[in-house]
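For reference, the structure is listed below as structure tokens.
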Amino acid sequence: MAQEDIRHPFLEGLSRHRGAPSTIIIIFGASGDLTRRKLIPSLYNLGTDNLLPADFLLIGCGRKNLGDDNFRQFAREAISEHARRTFDEDSWRPLAEKIFYLAGGYDDPQTYKDLAEKIEGLERSTSRQHHLLFYISTPPAVFKPILQNLGASGLSRAIGPDGHAATVIIEKPFGRDLSTARELNQIITNEFDEKQVYRIDHYLGKETVQDLLVQRFANSIFEPIWNRRFVDCVQITVAEDLGVGTRAGYYDQSGALRDMIQNHTMQLLALTAMEPPVSLDAEAIRDEKVKVLKAIQPLTLSAENADAVRGQFTEGIVGGRKVSGYMQADGVPPTSHTETYTALRLFINNWRWQGVPFYLRSGKRMARKVSEISVHFKRPPGVLFTESDKFDVAANTMVIRIQPDEGVMLLFNSKIPGLETRTQPVKMHFRYATTYGSNTPEAYERLLLDAMTGDATLFIRGDETEASWKIVTPVLDFWNDCGKRGLETYVSGSWGPLAAERLLWDYGHQWRRAGP
Ligand code: BG6
């Protein structure tokens, strides 16, 4: 291949996937919530946009005793309800013919014999070899038997066209703490080579998260000031207005720290704070993320002074509607002390960031759904515009809005027109929807296609997940020892418990009112 033909996939966008090899995706947990809400609708969107490989097949695998037809019906309903593209018979029909179902127990070796036979049968009827992509979207309790059976049956070693080794995508939760994550990594690498493993964090599939690398490294004006000399603090907010819905069974075992901070929020931090990678290669980017995660100082955790705050929502009003508290949600045990909100104060002990607090927060039932990263710059020297009644001078702030209303906002100070010199902060906005239109691909579309073509850039490496668990595991242990002690409450529809404000006051900061 000539040098000019080698283009990095990150630069080529989804259209490059027209060249993806013939693929069979095997989804374990086929009738589950994620398959219904995200995976099948994403595959449909891709099909509608002509981005699936021509020889694409899907086998749903699950414990429910369904046949191909029932599963196709399930898929059809999932698409009608959740796909970005409107349901259309002409797009659905060719996809429906490619969907199959296999019923079986995840720990039963027979399931994997049946699966291998089904794959062989499909390959015979299409007269081609396929790249096998296993998607494990089950409760974590069965990750181990699935992985071990994929190994024992030889499916993990299947080689597809052009030498494409079988690939496995693993959904979160990736362990419950550092030791279980290590154990899971060990089980995986007993059966698969790390290069075959795609640990998913759907935040990395979001356009705005990918754009973080572009904002930082394709512009020359931000990088020189992206450090301790100019930055006062960084705040990362991942707030949701929803409660736990029907997921209390899962959520009560998890809590906000495991559900959102260890993975999504920590990834945002890594991309915001990492050093420039030497290339856009998956390993180069992941090396930098691991380095910055490893530089995070252990948190201070004591009853009097903790870098971590947790809270649980009580009843309140969200979006004009009265909602009940977490303890009243169906399936939450009366003894629960699971946090639905977490805020952390972190310091990165490296040359670039020493002494700059990074504040992270995530919660359910907060005032509104918003994810953003705000970089707060140091104030200018107070020698000129100091009279507070005339000069309203705010610290410059750059806000990267991950969702919704995706965009970037820059806050700076300006003179109010008039004969007298008065100032006020003003905002400069870049909005994705205005510049690019709003029908951008779903995170799962991007990630599924990347896994089909073997591009792991937007997936988490084993050492990365362990580095992140290493930061949060002491917090989990501390909270476990405290029981209910120190568990704050916050009213649904608010911005979280008061203690989370105090986390910032210690350093003279306050949370940005996240939003437009
Ligand atoms: C999931 C969490 O990983 O992310 C959910 O398990 C959460 O609890 C969801 O609601 C949020 O994702 P998004 O893309 O809606 O911000």
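Numbering of ligands and ligand atoms starts at 1, following listing order.
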Which residue and non-hydrogen atom of the protein lie closest to [atom], and at what distance in Å?
atom: atom 6 (O) of ligand 1; answer: D259 OD1, 2.6 Å
atom: atom 12 (O) of ligand 1; answer: H202 NE2, 3.1 Å
atom: atom 14 (O) of ligand 1; answer: K206 NZ, 2.6 Å
atom: atom 9 (C) of ligand 1; answer: E240 OE2, 4.1 Å
atom: atom 16 (O) of ligand 1; answer: Y203 OH, 2.5 Å

Indicate, with yes or no, if the rings of W469 and F174 have centres closer together than 6.0 Å.
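No; F174 has its ring centre 6.0 Å or more from that of W469.
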
For Y490 and Y341, I'd like to know if the aromatic rings sit close, meaning centre-to-centre distance below 6.0 Å.
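Centroid distance Y490-Y341: below 6.0 Å, so yes.
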
Can you check which of E171, K369, H264 brings a heavy atom nearest to atom 3 (O) of ligand 1?
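Residue with the shortest heavy-atom distance to the ligand atom: H264.
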
Best match, R258, R247, E442: closest heavy atom to atom 5 (C) of ligand 1:
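Closest candidate by heavy-atom distance is R247.
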
Quick one: do [X] and [Y] make a salt bridge, cutoff under 4.0 Å?
X: K195; Y: D193; value: no
X: K172; Y: D259; value: yes
X: R247; Y: D330; value: no
X: E464; Y: R199; value: no
X: E283; Y: R461; value: yes

Short list, please: which atoms of ligand 1 are under 4.0 Å from a heavy atom of K364?
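So the answer, numbered in order with elements, is 5 (C), 7 (C), 8 (O), 10 (O).
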
Enumerated ligand 1 atoms positioned under 4.0 Å from heavy atoms of K172:
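Counting atoms of ligand 1 from 1, those under 4.0 Å from K172 are 1 (C), 2 (C), 3 (O), 6 (O).
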
